[in-house]
**Q** 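Structure below; questions to follow.
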Amino acid sequence: MELTSVLNQSLTYISSFTLRCAVDLDIAGRIQAYGRPMPLNELARSIPISPEKDMMLGRLMALLVHNEVFAQDEAGYALTPFSKLILTENSNMGAFVRFVTEVAFINFKLGEWFKNGDAGSTVFMMSNDGKQVWDIAREKPEFGNLFNEAMACHSKQKIRDLVTSYPHIFDGLNSMVDVGGGTGTAATIIADAFPSLRCTVLDLPHVIEKALESDLINVVAGDMFEMIPSTDAILLNNVLHDWRDDDCVRILKRCKEAIEPTKDGSKVIIVDIILDFENNNPKATETGLLFDIYMMCAQGSERNKQEWHDLIIGAGYSGYTIYPTRLGVDCVMELYP
């Protein structure tokens, strides 16, 4: 049994690449378009691939079915709740799959970094000619676009869950700034749910220029370390896990400055992972730990409850409340100045 476990964990990356292949070939979209269980030969012809590769495609689908990405019966392949998430017209989590399986992320020399990397470097930089994710996103528009798309699709369900599960968080607010809000997906969902709330997205200029065109939100180009517009509330949606502790304290202090001049009820809303939050979901716990290593390679980290407490209180906030989300991985933290 132990040998099987070693073999299995050593080969787990194969599952990521079969999923990436399914996204690249738009297998979920093809099955949906077929309208009923899709036989292997029909799937192969729709891609299309040469008939000699039909059997190889069947082997690929066998692993994807085992991993519950797709279902299979005698008539053919069908969608599952998992594969519905990677449909472009749905949550489009396929963009997230493509992003995290890009070459820039899979050539990590983690062992070498532990032994030889200097304290100021990251695994990502060591594997990408000294460049950080942000550098590559600026230099390569296609990579930057994929990054924005991946972050947007990752936000959709979380923010929809936030506005439906905890609408009271937005009670009495007239304005909100989504700091590091990317192309505006989260702010647009919130503005649509609360029409009287003026939502603004703050991000770097090369990001903002790709922002969604919408009458619901405003966009401001800027650096959150330098200036955040005055507002009733600030949203930090998966922002702080990108940064080291001292940078997080700087960001939180900037946020506090931006909300303090406003009326009572001002707040900062953080959506992020809490590693030791009791969720009774082993898969969510494992996902949080995977994200933590992923973020460590790029300079950031996921944090436990004590680490979040130290950041929040260290930045001068008077208190906070933690709410779970139905999605199991992220939590919502409501900070009070």
Side-chain angles (χ1 to χ4, degrees), residues 5 8-9 12 15-16 67-69 80-82 84-85 91 93 96-97 100 150-151 153-171 178-180 186 189-190 193 233-249 251-252 255-256 265 267-337:
S5 295
N8 182 276
Q9 289 205 39
T12 297
S15 291
S16 297
N67 289 340
E68 299 182 348
V69 178
T80 63
F82 185 118
K84 288 177 182 177
L85 285 175
S91 292
M93 283 299 292
F96 184 83
V97 172
V100 298
M151 297 306 102
C153 70
H154 189 206
S155 291
K156 283 181 181 177
Q157 290 209 63
K158 292 186 302 177
I159 301 303
R160 287 170 182 162
D161 181 50
L162 169 62
V163 300
T164 56
S165 297
Y166 304 110
H168 71 274
I169 289 178
F170 301 92
D171 285 350
D178 185 0
V179 173
I189 292 170
I190 293 170
I234 287 172
L235 175 66
L236 294 168
N237 175 31
N238 287 140
V239 170
L240 296 181
H241 71 171
D242 289 328
W243 300 95
R244 296 188 173 101
D245 289 353
D246 56 341
D247 289 323
C248 288
V249 170
I251 294 167
L252 287 171
C255 292
K256 191 167 181 287
K267 63 189 67 176
V268 173
I269 305 161
I270 298 174
V271 181
D272 234 318
I273 290 172
I274 300 178
L275 287 173
D276 56 349
F277 191 82
E278 301 84 0
N279 54 40
N280 299 313
N281 183 343
K283 184 64 72 173
T285 299
E286 181 185 18
T287 302
L289 294 171
L290 290 170
F291 261 115
D292 187 38
I293 301 302
Y294 180 73
M295 298 311 303
M296 180 183 76
C297 291
Q299 88 170 5
S301 67
E302 306 300 349
R303 295 175 170 89
N304 60 35
K305 286 185 286 189
Q306 185 61 52
E307 290 167 333
W308 277 114
H309 175 85
D310 292 345
L311 284 184
I312 294 166
I313 300 304
Y317 288 82
S318 63
Y320 59 94
T321 302
I322 299 174
Y323 304 96
T325 65
R326 291 179 299 178
L327 302 180
V329 178
D330 290 284
C331 291
V332 179
M333 291 166 269
E334 186 179 21
L335 280 55
Y336 317 115

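Numbering starts at 1 and runs along the sequence shown. Predicted model only: the values in this text are computed from it and were never measured.
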**Q** How many angstroms lie between atom CG of Leu236 and atom NE2 of His241, to the nearest 0.5 angstrom?
**A**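 Output value for this atom pair is 11.0 Å.
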
**Q** Return yes if some donor-acceptor pair links the side-chain N/O of Tyr317 with the main-chain N/O of Lys256 below 3.5 Å, else return no.
**A**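 Side chain of Tyr317 to backbone of Lys256, a donor-acceptor pair under 3.5 Å: yes, one is there.
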
**Q** Rounded to the nearest 0.5 Å, what separation is found between the OG1 atom of Thr325 and the CD atom of Gln157?
**A**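 Rounded to the nearest 0.5 Å, the OG1-CD separation comes to 10.5 Å.
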
**Q** Glu68 versus Phe82: any side-chain heavy-atom pair under 4.5 Å?
**A**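 The answer is no, as the side chains (C-beta and beyond) never meet within the 4.5 Å cut-off.
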
**Q** With side chain to side chain donor-acceptor pair (under 3.5 Å) as the test, pick out the partner of Tyr320 among Lys267, His309, Glu334.
**A**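 Result for side chain to side chain donor-acceptor pair (under 3.5 Å) with Tyr320: His309.
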
**Q** What pair of heavy atoms forms the shortest contact from Ala315 to Leu252, and how long is it?
**A**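 Ala315 and Leu252 have their closest heavy atoms at CB-CB, 3.6 Å.
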
**Q** I need the Ile169 CD1 to Ile269 CD1 distance, nearest 0.5 Å.
**A**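 Separation between the atoms: 6.0 Å.
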
**Q** Going by the rule salt bridge (Lys or Arg N to Asp or Glu O under 4.0 Å), which residues pair with Asp310 if we only count those two or more places apart in sequence or in a different chain?
**A**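 Residues passing salt bridge (Lys or Arg N to Asp or Glu O under 4.0 Å) with Asp310: none at all.
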
**Q** Over 60° means perpendicular and under 30° means parallel, so tell me whether His168 and Tyr323 are parallel, tilted or perpendicular.
**A**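 Perpendicular: the ring planes of His168 and Tyr323 meet at over 60°.
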
**Q** Checking Thr164 now: which residues fulfil side-chain contact (heavy atoms from CB on, under 4.5 Å) with it, not counting sequence neighbours?
**A**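 Only Asp161, Arg326 meet the side-chain contact (heavy atoms from CB on, under 4.5 Å) criterion with Thr164.
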
**Q** Under 3.5 Å, is there a donor-acceptor pair between the side chain of Ser318 and the main chain of Tyr336?
**A**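 Indeed, once roles are kept as given, a pair shorter than 3.5 Å links the two residues.
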
**Q** Using side-chain contact (heavy atoms from CB on, under 4.5 Å) as the criterion, list what pairs up with Pro324, not counting sequence neighbours.
**A**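 So Pro324 forms a side-chain contact (heavy atoms from CB on, under 4.5 Å) with Tyr166, Phe277.
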
**Q** If I compare all heavy atoms of Val239 with all of Gly180, which pair ends up nearest, and what's the gap?
**A**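 Nearest heavy atoms, Val239 then Gly180: CG2-O, 4.1 Å.
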
**Q** Of all residues at least two apart in sequence or in a different chain, which pass the side-chain contact (heavy atoms from CB on, under 4.5 Å) check with Ser16?
**A**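 Residues passing side-chain contact (heavy atoms from CB on, under 4.5 Å) with Ser16: Thr101.
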
**Q** Checking the side chain of Ser301 only, and the main-chain atoms of Met296 only, is there a donor and an acceptor separated by less than 3.5 Å?
**A**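 Here the side-chain-to-backbone pair does not exist.
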
**Q** Among all residues two or more places apart in sequence or in another chain, which pass the side-chain contact (heavy atoms from CB on, under 4.5 Å) test with Met333?
**A**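 Checked Met333 against side-chain contact (heavy atoms from CB on, under 4.5 Å); matches are Ile270, Asp272, Ile274, Trp308, Ile312, Ile322, Leu335.
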
**Q** Does the Asn304 side chain pair with the main chain of Gln306, one donor and one acceptor, at a distance under 3.5 Å?
**A**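 Judged by distance alone, yes, a pair lies under 3.5 Å.
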
**Q** Is any side-chain heavy atom of Ile189 closer than 4.5 Å to a side-chain heavy atom of Leu162?
**A**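 The answer is no; the side chains never approach within 4.5 Å.
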
**Q** Could you please spell out the steps behind the side-chain contact (heavy atoms from CB on, under 4.5 Å) verdict for Glu302 and Tyr294?
**A** CA-CA 9 Å; Glu302 306 300 349; Tyr294 180 73; over 6 Å; no

**Q** Donor-acceptor check, side chain of Gln299 to backbone of Trp243, threshold 3.5 angstrom: yes or no?
**A**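 Between the backbone of Trp243 and the side chain of Gln299 there is no qualifying donor-acceptor contact (under 3.5 Å).
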
**Q** What distance separates Asp276 CG from Leu289 CG, expressed to the nearest 0.5 Å?
**A**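 The distance works out to 10.0 Å.
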
**Q** Please name all residues satisfying salt bridge (Lys or Arg N to Asp or Glu O under 4.0 Å) with Asp245, sequence neighbours left out, ordered by chain then number.
**A**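 Asp245 satisfies salt bridge (Lys or Arg N to Asp or Glu O under 4.0 Å) with Arg303 only.
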
**Q** If you look at every heavy atom in Asn67 and Ser15, which pair is closest and at what distance?
**A**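 What the structure gives for the nearest pair is ND2-OG, 3.1 Å.
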
**Q** Rounded to the nearest 0.5 Å, how far apart are CG of Leu275 and OG1 of Thr287?
**A**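 These two atoms lie 11.5 Å from each other.
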
**Q** Can any side-chain N or O of Ser155 pair as donor or acceptor with the backbone N or O of Ala186 at less than 3.5 Å?
**A**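 Checking the backbone N and O of Ala186 against the side chain of Ser155, no donor-acceptor pair under 3.5 Å is found.
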
